[in-house]
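Each remark here refers to the structure printed beneath this line.
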2 protein chains.
Amino acid sequence: MRVGELADRTGVAPRMLRYYEEQGLIASTRQDNGYRAFEEADVERVRTVRSLIASGLPTRLVRVVLDIEALADDERSPSCSTAFAEMLYGELTTLNDKIACLTKSRDTVRHYLEHTEHSALVGAAEPV
Amino acid sequence: MRVGELADRTGVAPRMLRYYEEQGLIASTRQDNGYRAFEEADVERVRTVRSLIASGLPTRLVRVVLDIEALADDERSPSCSTAFAEMLYGELTTLNDKIACLTKSRDTVRHYLEHTEHSALVGAAEPV
DNA sequence: CTTGACCTTGACACAGATGTCAACGTCTAC
DNA sequence: GTAGACGTTGACATCTGTGTCAAGGTCAAG
């Protein structure tokens with residue numbers, strides 16, 4: 001599919017899709033006419049990219065996470081440099097901190113809403 | 001305490017503390033000489049602000065979360081406009097999405113690390 | 001009184017994510 | 001073949017969160 005369709009299906013502007021490609025977060029082949037060609041799987045990938053970026057990860061880290069996700073199934077006992085592993089471990093810690101912080105905020109907001117006369121709204125959000 | 005001490009104790013540059021104040025995320029009184037005066041509780045508050053911003057929340061939302069947190073203990077059955085409640089509900093959904101996305105990425109990274117020869121690193125990170 | 005550490009405000013600069021626009025090529029439909 | 005929708009690249013603008021610096025006030029120590 002071309003960039004416009006991918007944009008329609010993900011809700012992400014073509015401009016940003018090109019930017020993500022430039023940053024190495026998504027890939028495309030080229031048609032004879034120079035148009036980008038994306039695959040079905042890119043729809044999911046773009047959604048993941050969006051979420052990760054919205055969650056405060058810089059593109060450079062999004063790339064790492066996606067790369068790891070990609071080889072997770074094949075290479076089950078991978079070897080990597082200690083430096084890389086330590087970097088990942090640092091990021092793991094950062095991710096845990098972010099999750100903890102967001103969870104606390106989420107609970108704060110939810111508890112607040114539950115105590116307003118609009119508490120019915122909260123019904124849908126399942127506790128974790 | 002003055003801005004320098006708060007900076008030392010939070011690891012956040014004075015420049016950013018003034019910025020956060022400008023954005024309404026923290027408050028200070030002024031001494032006679034014009035110096036900002038912060039309270040003990042601001043140390044925690046600044047840490048919270050940092051975490052929330054690092055988690056991708058824009059300052060405008062950080063303000064809302066902190067405001068809610070502040071009145072959570074006093075006003076237990078607050079009344080607010082439907083529009084505000086709906087906005088909060090929307091943010092609640094966003095927070096849940098971010099948490100889910102970060103959790104998935106965290107698990108991806110952790111599982112990867114566990115399968116490398118550096119798996120010993122992961123020991124500290126408790127599963128959630 | 002001077003020095004040095006700390007504070008003030010204000011400005012300018014920068015990076016990352018994003019919007020917008022121009023100039024131009026491609027393709028479909030009339 | 002021309003119009004219109006869509007694609008391409010490249011440039012510039014904007015917003016946020018930051019860093020840095022200048023010009024100046026405050027204050028404690030020598």
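Chain letters run A, B, ... following the sequence lines, proteins first, then strands; residues in each count from 1. Please read all numbers here as calculations on a predicted model, not as lab measurements.
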Separation of Tyr20(B) atom OH from dT16(D) atom C1', in whole Å?
11 Å

Distance check: side-chain N/O of Asn33(A) vs OP1/OP2 of dC27(C), anything under 4.0 Å?
yes

Nearest-Å distance for atom pair CG/C1', residues Leu25(A) and dT18(C)
14 Å

Whole-Å distance, Tyr19(B) OH to dT9(C) P, equals 16 Å

For atom CE of Met16(B) and atom P of dT18(D), their distance in whole Å:
4 Å

If the threshold is 4.0 Å, N to carboxylate O, is there a salt bridge linking Arg47(A) and Glu44(A)?
yes

Correct closest heavy-atom pair for Val65(B) and Thr108(A) would be O-CG2, 4.3 Å

If I take atom CG in residue Leu17(A) and atom P in nucleotide dT18(C), what distance separates them, rounded to the nearest angstrom?
11 Å

Starting from P on dG17(D), measure out to CD1 on Ile26(B) and report it in whole angstrom.
14 Å

Here the distance between atom P of dT16(D) and atom CD of Gln23(B), to the nearest Å, is 8 Å

Should Arg15(B) be listed as having a side-chain N or O under 4.0 Å from OP1 or OP2 of dG10(C)?
no

Does Thr59(A) put a side-chain nitrogen or oxygen below 4.0 Å from OP1 or OP2 of dG16(C)?
no

Which letters describe nucleotides 1-7 of chain C, given B = protein heavy atom under 4.0 Å from base, S = only from sugar-phosphate, - = neither?
-----BS

Judged by each residue's nearest nucleotide on DNA chain D, which is more toward the 5′ side, Ala54(B) or Asp32(B)?
Ala54(B)

Has Asp42(A) got a side-chain atom pairing as donor or acceptor with Glu39(A)'s backbone, closer than 3.5 angstrom?
yes

Heavy-atom closest pair, residues Val109(A) and Leu88(B):
CG1-O, 4.0 Å

Listed by chain and number, what are the side chain to side chain contact (heavy atoms under 4.5 Å, CB included) partners of Thr29(A), not counting sequence neighbours?
Ala37(A)

With sequence neighbours excluded, residues passing salt bridge (Lys or Arg N to Asp or Glu O under 4.0 Å) with Glu5(A):
Arg9(A)

Which is true for Arg60(A) with a 4.0 Å heavy-atom rule: it touches a base, it touches only sugar-phosphate, or it touches nothing?
nothing

Identify which one of Arg60(A), Lys98(A), Arg63(A) satisfies the salt bridge (Lys or Arg N to Asp or Glu O under 4.0 Å) criterion when paired with Glu91(A).
Arg60(A)

